[in-house]
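What follows is one structure encoded as structure tokens, with my remarks underneath.
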Amino acid sequence: MSDSSVRIVPRPVVKKVLAKLQREGDGAVVRRAIGRSELTFLDPFLMLDEFSVSPPAGFPDHPHRGFETVTYVLQGGITHQDFKGHKGTIYAGDVQWMTAGRGIIHSEMPEEEVNRGLQLWVNLSSKDKMMEPNYQELSGSDIPRAEKDGVEVKVIAGESMGIHSHVYTRTPTMFLDFVLKPGANFHQNIPESWNAFAYVLEGEGCVFGPPNSPPAPPHHTVVFGQGDGISVWNKSSRPARFVLIAGEPIGEPVVQYGPFVMNSQAEIDETIEDYHYARNGFEMANHWSSQ
Ligand code: FJE
Ligand code: FE
């Protein structure tokens with residue numbers, strides 16, 4: 001028996017790009033999955049970096065305005081200090097969801113010998129760009145997880161397998177961390193109007209889209225086209241791990257100048273002045289540096 005009303009149309013893979021190593025910050029190394037020339041911007045996502053950093057390298061004092069940074073540590077720890085006295089360390093499995101809003105100046109520095117993770121930049125709509133900065137910090141034990149038929153999911157944002165994250169996403173966003181045992185397969189629903197991509201962390205078996213597609217190896221970004229959701233199989237004899245990230249497009253003009261992301265060049269010029277003259281959210285710019 002078949003019921004066409006529940007038939008799912010998996011989204012096709014429209015792009016598959018290797019994120020090559022590049023230098024960033026002060027001696028850190030990143031694989032830039034989104035925010036590179038082949039994949040400049042996938043509304044609302046401005047950047048995804050898989051970072052690897054060892055002391056004394058790091059991301060010393062720098063500003064942000066107009067978007068959110070989501071840091072997910074996979075190995076080691078990252079200590080964050082900002083110009084308003086907010087300070088903390090997140091370790092493997094923990095997440096910091098930081099809404100920079102009108103302005104943050106901070107440092108992000110490694111704790112251990114090897115520190116790896118993901119940092120996602122989510123754009124904010126014009127009405128949220130100048131909001132007060134906000135932090136949502138989740139320890140690994142606060143991140144809900146579910147397991148079924150060889151598929152394990154950690155729900156960093158959004159919903160999967162009937163479990164929900166408590167993270168509040170001003171820009172509606174889904175951020176899921178999947179591990180599939182050999183032979184496992186899964187379908188994840190995604191709202192039809194959202195943009196979606198996956199980034200492969202481990203294993204040679206990640207097959208997205210129709211089951212006879214070629215696998216996406218580690219460090220590849222897979223961009224999905226239109227459809228209901230995504231289908232994935234692990235066609236290898238080892239575990240496969242990937243993150244699935246999706247979000248509602250904002251549909252506004254984007255003008256980016258490094259760590260400032262606004263809607264127009266005039267707003268970027270104002271932001272550079274605000275930062276320079278330490279005003280409109282950057283009041284502490286001239287009176288602070290991290291320890
Ligand atoms: C930044 C260069 C940078 N990817 N991944 C320019 F490196 C950064 C920056 C980061 C960053 C930080 C962490 Cl913890 C992890 C990252 C880039 O801080 F913001 C600008 N503007
Ligand atoms: Fe930063």
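Order of listing sets the numbers, starting from 1, for every ligand and every atom in it. The basis for the numbers below is simple: all heavy atoms, side chains too, and nothing from hydrogens, waters or symmetry mates. Residue numbers run from 1 in the order of the sequence given.
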Exercise. Looking only at heavy atoms, is any part of Trp121 under 4.0 Å from ligand 1, and if so is it the side chain, the backbone, or both, or is it neither?
Worked result: side chain
Exercise. Of all N, O or S atoms in Glu108, which has the smallest distance to the Fe ion (ligand 2)?
Worked result: OE1
Problem set entry | Atom of His62 closest to the Fe ion (ligand 2), considering N, O or S atoms | NE2
Exercise. Which protein non-hydrogen atom lies closest to atom 17 (C) of ligand 1, naming both residue and atom, and how far is it?
Worked result: Asp49 OD2, 3.5 Å
Problem set entry | For atom 18 (O) of ligand 1, the protein heavy atom that lies nearest, with its residue and separation | His62 NE2, 3.1 Å
For this session: May I ask you to check if ligand 1 and His64 share an N or O to N or O distance below 3.5 Å?
Result: no
Exercise. Quick one: nearest non-hydrogen protein atom to atom 21 (N) of ligand 1, plus distance?
Worked result: Pro259 CB, 3.4 Å
Exercise. Between Phe260 and Phe67, is the ring centre distance below 6.0 Å?
Worked result: no
Exercise. Nearest non-hydrogen atom to atom 16 (C) of ligand 1 belongs to which of Arg116, Gln119, His80?
Worked result: Gln119
For this session: Flag the pair Phe282 / Tyr277 as yes when their ring centroid distance falls below 6.0 Å, and as no otherwise.
Result: no
Exercise. Do the ring centers of Phe83 and His106 come within less than 6.0 Å of each other?
Worked result: no
Exercise. Which of parallel (below 30°), tilted (30 to 60°) and perpendicular (above 60°) describes Phe175 and Tyr72?
Worked result: perpendicular
Exercise. Do any heavy atoms of Met47 fall under 4.0 Å from ligand 1?
Worked result: yes
For this session: Examine distances only and state if a side-chain atom of Glu267 and a backbone atom of Asn263 form a donor-acceptor pair shorter than 3.5 Å.
Result: yes
Exercise. So, do His62 and His64 have ring centers that fall under 6.0 Å from each other?
Worked result: yes
Exercise. Is there a side-chain contact between Arg241 and Asp177, using heavy atoms and a 4.5 Å cut-off?
Worked result: yes
Exercise. For the Fe ion (ligand 2), what is the closest N, O or S atom on His64?
Worked result: NE2
